[in-house]
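Accompanying notes for the structure given below.
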Amino acid sequence: MKAELPDTTLHYSDQGKGLPVLLIHGFPLNQQMWVDQVDFLSKSYRIIMPDLRGHGETPPSPGPYSMELLADDCIALLDAIAINELVVVGGLSMGGYVAFALYRRYPERVAALILAATRASADSADAKVNRDISIAKAKADGTSAVLADMLPKMLSHQIYEKSHQLVKRVEQIMLQTTLDGMVSALQGMRDRQDSTPLLTHIDVPVLVMHGSDDQIIRLVDSQKMYAQLPKASLAVLPDSGHLLNLEQPESFNEAVARFLSGIK
Ligand code: MLT
């Protein structure tokens with residue numbers, strides 16, 4: 001499906017009925033990363049999954065893509081499909097950065113948050129330098145050069161070594177990201193605002209989720225968020241890395257379903 005927004009055509013999926021749950025993918029991924037969630041969750045909920053600009057089937061547009069711009073796109077999508085009721089907003093990694101921006105701008109739209117494998121803090125000086133290195137590499141050698149560096153870190157060491165099918169699946173999803181989408185998202189993440197000051201003001205229920213072997217975002221980042229959020233629960237899934245929803249889909253889905261059953 002696609003929605004015509006003021007300056008882009010956003011591709012998305014919309015499945016199921018009930019409380020709307022917006023699932024925002026990470027970088028450099030797309031809505032296909034929710035493949036193991038959608039059938040299960042759409043039995044009880046309306047699951048809306050956009051492809052952010054330059055990712056999946058949504059074409060790139062001039063960057064950078066600030067987290068606020070991507071959050072505005074998500075709200076414009078909800079408006080375009082006439083969702084006026086409160087929405088549960090879930091984001092993994094970059095999707096979590098977008099979820100923070102969305103809550104900062106539109107708290108009145110949000111019933112609850114799911115923050116998976118993400119962090120509230122901004123990029124450190126070193127992380128900003130690494131973003132610039134990745135941007136230069138993508139421009140010089142193409143997206144596959146950046147993907148080759150990232151892929152081994154997307155999953156836990158063990159799963160990366162053993163689950164060749166899953167590694168292939170993640171790679172196929174990542175390969176759909178356009179060069180402009182990759183560069184613009186890297187710029188947006190590099191320049192994103194620190195959401196730490198927001199944490200104590202988030203007065204909706206929050207489920208913080210983390211894979212015990214995440215190689216990209218440290219467990220301590222989730223623990224710090226959990227400590228500051230007034231209404232949070234924390235689920236640390238064993239034997240999983242950054243893409244915990246694909247590595248341990250059953251325990252991920254179970255934790256999300258338990259959390260959603262408590263949201264009105
Ligand atoms: C993601 O998975 O969305 C990214 O790895 C997040 C990041 O690079 O900060």
Side-chain angles (χ1 to χ4, degrees), residues 1-103 105-106 109-111 113-114 116 138 142-143 147 169-189 243 245-246 256:
M1 291 183 223
K2 50 188 180 172
E4 297 302 333
L5 306 187
D7 68 340
T8 188
T9 301
L10 207 79
H11 286 250
Y12 69 100
S13 290
D14 181 359
Q15 294 185 41
K17 286 195 173 67
L19 175 68
V21 179
L22 174 74
L23 294 179
I24 310 172
H25 64 76
F27 168 87
L29 299 154
N30 60 59
Q31 56 163 303
Q32 289 173 19
M33 68 160 276
W34 303 114
V35 63
D36 292 333
Q37 279 64 61
V38 65
D39 286 349
F40 175 78
L41 293 175
S42 64
K43 288 185 193 132
S44 313
Y45 301 98
R46 182 171 178 185
I47 308 298
I48 300 127
M49 299 169 293
D51 281 347
L52 300 174
R53 291 171 188 240
H55 294 74
E57 289 187 64
T58 298
S61 51
Y65 305 158
S66 68
M67 299 304 106
E68 286 71 23
L69 174 72
L70 299 177
D72 288 352
D73 285 347
C74 291
I75 290 294
L77 169 62
L78 296 179
D79 290 343
I81 58 177
I83 293 190
N84 305 312
E85 66 262 52
L86 292 178
V87 174
V88 177
V89 179
L92 184 138
S93 202
M94 180 178 77
Y97 310 156
V98 176
F100 278 125
L102 190 153
Y103 187 86
R105 285 160 99 82
Y106 310 97
R109 305 289 293 259
V110 180
L113 290 169
I114 300 168
T143 57
L147 300 184
R169 189 140 60 97
V170 171
E171 186 181 27
Q172 291 303 328
I173 300 175
M174 290 166 78
L175 279 168
Q176 295 167 37
T177 307
T178 60
L179 174 62
D180 286 347
M182 175 176 281
V183 168
S184 302
L186 284 165
Q187 292 167 332
M189 289 193 285
L243 296 181
N245 65 309
L246 287 169
V256 170

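Every value quoted in this text rests on a predicted model; they were computed, and no experiment measured them.
To the nearest 0.5 Å, atoms OH (Tyr45) and CG (Leu22) are separated by 15.5 Å. With rounding to the nearest 0.5 Å, the separation of CD1 in Ile114 from CG in Leu23 is 6.5 Å. Going from atom CD of Glu171 over to atom CG of Leu147 covers 7.5 Å, rounded to the nearest 0.5 Å. Remark: Gln15 CD to Ile47 CD1 distance equals 8.5 Å, nearest 0.5 Å. Atom OG1 of Thr143 is separated from atom CD of Gln176 by 11.0 Å, given to the nearest 0.5 angstrom.
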Leu19 vs Leu86, side-chain contact (heavy atoms from CB on, under 4.5 Å): CA-CA, chis, key distance, verdict: CA-CA 8 Å; Leu19 175 68; Leu86 292 178; 5.7 Å; no
Residue pair Arg53, Asp7: steps toward the side-chain contact (heavy atoms from CB on, under 4.5 Å) verdict: CA-CA 10 Å; Arg53 291 171 188 240; Asp7 68 340; 2.8 Å; yes
Stepwise side-chain contact (heavy atoms from CB on, under 4.5 Å) test for Val21 and Leu41: CA-CA 9 Å; Val21 179; Leu41 293 175; 5.6 Å; no
Step-by-step side-chain contact (heavy atoms from CB on, under 4.5 Å) determination, Val35 to Arg169: CA-CA 11 Å; Val35 63; Arg169 189 140 60 97; 3.1 Å; yes
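Under the 4.5 Å side-chain criterion, counting only non-hydrogen atoms from C-beta, Met174 is in contact with Leu29. Leu78 places a side-chain heavy atom less than 4.5 Å from the side chain of Ile75. Under the 4.5 Å side-chain criterion, counting only non-hydrogen atoms from C-beta, Glu57 is not in contact with Lys2. Counting heavy atoms from C-beta outward, Met189 and Tyr97 have side chains that approach closer than 4.5 Å. For the pair Phe27 and Met182, the minimum side-chain heavy-atom distance is below 4.5 Å. Taking 4.5 Å as the limit, some side-chain heavy atom of Leu52 sits within range of a side-chain heavy atom of Cys74. The closest side-chain heavy-atom distance from Thr58 to Asp73 is not below 4.5 Å. With contacts defined as side-chain heavy-atom distances shorter than 4.5 Å, the pair Asp72/Tyr106 qualifies.
Pairing each heavy atom of Ser184 with each of Ser61, the nearest pair is OG-O, 4.3 Å. In plain terms, the two heavy atoms of Met94 and Ala185 that are nearest each other are SD-CB, 4.0 Å. Nearest heavy atom pair, residue Pro50 against residue Leu77, reads CB-CD2, 3.9 Å. Across all their heavy atoms, Pro60 and Asp180 have their closest contact at CB-CB, 3.6 Å. Of all the heavy atoms in Val183 and Ala138, the pair that sits closest is CG2-CB, 4.3 Å. The minimum heavy-atom distance between Met67 and Gly188, with the atom names listed, is CE-C, 3.5 Å.
Side-chain N/O atoms of Gln172 and Gln32 include no donor and acceptor closer than 3.5 Å.
The main-chain N or O of His55 is never found under 3.5 Å from a side-chain atom of Thr177 such that the two would form a donor-acceptor pair. Of the possible polar contacts, one joining the Asp51 side chain to the Gln31 backbone as a donor-acceptor pair under 3.5 Å is found. Looking only at distances, a side-chain donor or acceptor of Gln37 sits under 3.5 Å from a matching main-chain atom of Asn245.
Between Ile48 and the choices Val87, Ile83, Val89, the side chain to side chain contact (heavy atoms under 4.5 Å, CB included) rule is met once, by Ile83.
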